[in-house]
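All remarks here apply to the structure that follows.
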Amino acid sequence: QVQLVESGGGLVQSGGSLRLSCAASGFTLEYYNIGWFRQAPGKEREGVLCISHSDGSTYYADSVKGRFTGSRDNAKNTVYLEMNSLKPEDTAVYYCAAFFPRPVQDVCVSYEYDYWGQGTQVTVSS
């Protein structure tokens, strides 16, 4: 069964840090494009970090550049999102997602993604 399971969300004060984990089962995550998205109440889902397996390109949203970092542990079939210097505007449900590379693709568009985690709430208090 193909599954992505996120963990690591929670409540943190402004300026704090969290590390989100996204563990895959049923497929090998290192061969897939990976995205981290977030959705705040009343707002559209936003791409935070997008990683292309095809050429290794990594894209960060301008709002998180320099504060968020993606990483992976292939042995654990898990990817991570390290979030530092958190701000109240980072409050959202965070999702990881994956899709197998296609000849034509846009890794920062949510509708490209076939597999989604259940989401984990991140709340940053001021």
Side-chain angles (χ1 to χ4, degrees):
Q1 181 182 2
V2 172
Q3 195 174 15
L4 291 170
V5 178
E6 296 122 343
S7 60
L11 173 64
V12 63
Q13 288 189 334
S14 182
S17 299
L18 284 173
R19 188 176 79 155
L20 306 183
S21 300
C22 174
S25 59
F27 67 106
T28 304
L29 201 52
E30 74 173 292
Y31 301 126
Y32 282 66
N33 299 313
I34 296 165
W36 285 95
F37 294 82
R38 67 185 181 185
Q39 189 163 21
K43 295 188 176 181
E44 292 187 356
R45 190 166 294 187
E46 171 191 23
V48 173
L49 166 62
C50 320
I51 304 171
S52 170
H53 174 266
S54 303
D55 60 10
S57 299
T58 302
Y59 306 95
Y60 289 91
D62 288 342
S63 57
V64 307
K65 279 180 183 176
R67 300 188 298 120
F68 289 14
T69 304
S71 63
R72 66 167 77 227
D73 185 334
N74 291 335
K76 294 183 177 179
N77 209 21
T78 299
V79 294
Y80 304 94
L81 183 66
E82 184 79 33
M83 305 185 295
N84 298 313
S85 301
L86 282 161
K87 305 174 181 180
E89 51 264 42
D90 294 319
T91 296
V93 178
Y94 284 71
Y95 300 88
C96 65
F99 73 95
F100 195 75
R102 307 183 179 106
V104 179
Q105 60 184 25
D106 185 340
V107 297
C108 286
V109 175
S110 61
Y111 62 71
E112 291 273 30
Y113 286 81
D114 299 315
Y115 306 122
W116 289 83
Q118 82 285 2
T120 185
Q121 177 70 46
V122 171
T123 303
V124 184
S125 63
S126 56

What is the distance from atom CG of L4 to atom CG of N77, rounded to the nearest 0.5 Å? 9.0 Å
Would a single hydrophobic cluster contain both L29 and V48, if residues Ile, Leu, Val, Met, Phe, Trp and Tyr are joined by side-chain heavy-atom contacts under 4.5 Å? yes
Membership question, hydrophobic clusters at under 4.5 Å side-chain separation (ILVMFWY): are Y60 and L20 in the same one? yes
Are Y95 and V124 grouped together when hydrophobic residues (ILVMFWY) are joined by side-chain heavy atoms under 4.5 angstrom apart? no
Cation-pi check, R19 to Y80: give yes when NZ or CZ is under 6.0 Å from the six-membered ring centre and within 45° of the ring axis, no otherwise. yes
At their closest point, which heavy atom of L18 faces which heavy atom of G8, and how far apart are they? CD2-O, 3.8 Å
Relative to each other, are the rings of F68 and Y94 parallel, tilted or perpendicular (30° and 60° limits)? tilted
What is the distance from atom CG of L81 to atom SG of C22, rounded to the nearest 0.5 Å? 10.0 Å
Exam field: side chain E6 to backbone Q118, donor-acceptor pair closer than 3.5 Å: yes
Flag yes if L49 and Y31 sit in one hydrophobic cluster, no otherwise; membership is Ile, Leu, Val, Met, Phe, Trp, Tyr, and two members link when side-chain heavy atoms are under 4.5 Å apart. yes
Are Y113 and F27 connected, step by step, through hydrophobic side chains (Ile, Leu, Val, Met, Phe, Trp, Tyr) whose heavy atoms are closer than 4.5 Å? no
D114 vs Y32, test: side-chain contact (heavy atoms from CB on, under 4.5 Å). Steps then yes/no. CA-CA 11 Å; D114 299 315; Y32 282 66; over 6 Å; no
One thing to verify: whether D90 and K87 come together as a salt bridge, which I'm taking to mean a side-chain N less than 4.0 angstrom from a carboxylate O. no
Rounded distance [0.5 Å steps], CZ in F100 versus OG1 in T28: 10.0 Å
R72 to E30 - nearest heavy-atom pair and separation: NH1-CA, 3.1 Å
Return the minimal non-hydrogen interatomic distance between S110 and W116, and the atom names on each side. O-CZ2, 3.4 Å
Q105 versus S52, closest heavy-atom pair with distance: NE2-OG, 3.9 Å
Rounded to the nearest 0.5 Å, how far does CD1 of I51 lie from SG of C108? 10.0 Å
Return the minimal non-hydrogen interatomic distance between V93 and Q121, and the atom names on each side. CG2-OE1, 3.2 Å
Over all heavy atoms of both residues, which pair between P88 and S14 is shortest? Give the atoms and the distance, please. CD-OG, 3.8 Å
What's the spacing between F37 CZ and C96 SG if we round to 0.5 Å? 10.5 Å
In the structure I gave you, are the side-chain heavy atoms of S63 and E46 within less than 4.5 Å of one another anywhere? yes
Value rounded to 0.5 Å, distance of CE in M83 from CZ in R67: 9.5 Å
